[in-house]
Structures are given as structure tokens and as C-alpha cells.
Amino acid sequence: MSEISVEHSAPEGGSQVDPAEPTEVEGGAPLGPAGEKALDEWKRRAKEAEKASRDQARRLQAIEDRDKTEVQRASERAEAAEKRAAAMAQRTVRAEVRALAAATFADPSDAAAFLDPTDFVDDDGDVDTKAVEKALADLLKRKPHLAKEAAPPSFDGGARTTAAAPTDMSSLIRQKAGLG
């Protein structure tokens, strides 16, 4: 018979330790006051080391930037601007796809998920709306389950009108005679 190993991990967002509750180690035994104090010290040191690491990274970047020529710095700024422009163009295309899909798709974000935004942007960064409409129509043909459900048929029969007021024989004779 094989043994099953269980891996313990901390939650992603981190957790706050309540000093009133004893913390348990993996074996299940509480740490006690000395262990709690050591744990708090370890956390404090970890935060300090993380802060020092960020500071060192900033200093290293500053040193590297200082040694670069103006052309290199301008080139890096241009590359960063191009990346931002490409990201903005993709967000614009996704928004356009969702807007056009709202009329025919049950969930417009499905249409944006199935289509590649780079297919609809030209060299100038403009969105080709006609191509988006064509791609949406093609997507609905291939995947009809993404379309909005048709409204159920109405068995109402239409608007009702009330019958005209009954007329008496004298008014009918006058109407036929053309008197009124």
C-alpha cells in the first residue's frame, strides 16, 4: 500500500497571524510564545529583505540608465510606447467586438474570447469594423449555440379593439340616403 503525501501551502494573499491564538506547525503542535516570537521576527526580516531587494533593483536600473546613451534611452521609450499602443489597440478591438456582438450573441464577451484582436487592426492602428462584423457572422455560423435565444412565440393574437357602438335603424337609413 502506498502512502499519500499531503502538501501544506499558505493562502495566496498571505495570512495574518492572530497573536492570541497559538500557531500550529505542520505536525499539529502549537508553536508557543517563543515560537510565535521567532515567527514574528522571521516575518519582519523577510519584509526588510524584500524592501532592500526592491531598493537595490531600483539603484541598479538607475546605474544602467546612467550608462546608456540618449539614443538607447529614446529607443527604450519608443519600444515601451509601441507596446502600450499595441495593447490599447487590442483593448479597442475587444471593445468593438463586444459592442457589435451585443445584438446577436447571448454573451458578447464570448465573441471577444473566440476572435483574435490582431486580425482586425490595420497598420495605422484603425479597427476594421466590416471585418469584425464578417468574423462575428462567421462565428455564429460555426457556433450557433453562442447566439441569443429567439423570443418564444406569442399566442396573443394581436391588439384587441372594441366593437363600434351599435347604431339604430334610423341612423342607418339617413346614412344610406346621404343625409348624414
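The analysis underlying the following values was restricted to heavy atoms, covering all of them including side chains, and did not include hydrogens, waters or symmetry mates.
The two residues P108 and A102 make their nearest non-hydrogen contact at CG-CA, 3.7 Å. What you find for R98 and A112 is that their closest heavy atoms are CG-CB, 4.0 Å. The two residues A135 and F120 come nearest to each other via the heavy atoms CB-CZ, 3.6 Å.
The residues R54 and E50 are annotated as salt-bridged, a charged nitrogen and a carboxylate oxygen being separated by less than 4.0 angstrom. The existence of a salt bridge linking R84 and E79 is excluded, since no basic side-chain nitrogen approaches an acidic carboxylate oxygen closer than 4.0 Å. Ion pairing between a basic and an acidic side chain is recognised when a charged N comes within 4.0 Å of a carboxylate O; R73 and E76 show no such pairing. A salt bridge links D55 and R58; the closest N-O separation between the charged side-chain nitrogens and carboxylate oxygens is under 4.0 Å. With respect to the salt-bridge test (charged N to carboxylate O, under 4.0 angstrom), the residues R44 and E48 qualify.
For S75 (side chain) and V71 (main-chain N/O), no donor-acceptor pair under 3.5 Å exists by modelled atom type. For Q72 (side chain) and T69 (main-chain N/O), a donor-acceptor pair under 3.5 Å exists by modelled atom type. Not a single donor-acceptor pair under 3.5 Å links the side chain of D124 to the backbone N or O of D126.
Atoms OG1 and CD, on T118 and Q90 in that order, are 6.5 Å from each other to the nearest 0.5 Å. With values rounded to the nearest 0.5 angstrom, E70 atom CD is found 5.5 Å from R77 atom CZ. Rounded to the nearest 0.5 angstrom, R142 CZ and L140 CG are separated by 9.5 Å. To the nearest 0.5 Å, atoms NZ (K130) and CG (L100) are separated by 10.0 Å.
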Practice task
Take V121 and D128 through the test side-chain contact (heavy atoms from CB on, under 4.5 Å) and record every step on the way to the result.
Solution key: CA-CA 6 Å; V121 180; D128 187 1; over 6 Å; no
Practice task
Might you work through the side-chain contact (heavy atoms from CB on, under 4.5 Å) test for T104 and K148, ending with a clear yes or no?
Solution key: CA-CA 6 Å; T104 55; K148 280 186 178 178; over 6 Å; no
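Between V97 and L136 there is a side-chain heavy-atom pair separated by less than 4.5 Å. Looking only at side-chain heavy atoms (C-beta outward), K143 and F114 come within less than 4.5 Å of each other. With contacts defined as side-chain heavy-atom distances shorter than 4.5 Å, the pair K37/P33 does not qualify. Side-chain atoms of L146 and D107, non-hydrogen and from C-beta on, never get closer than 4.5 Å to each other.
Environment of CD in E149: sparse, with no more than 12 heavy atoms of neighbouring residues, nucleotides or ligands closer than 6.0 Å.
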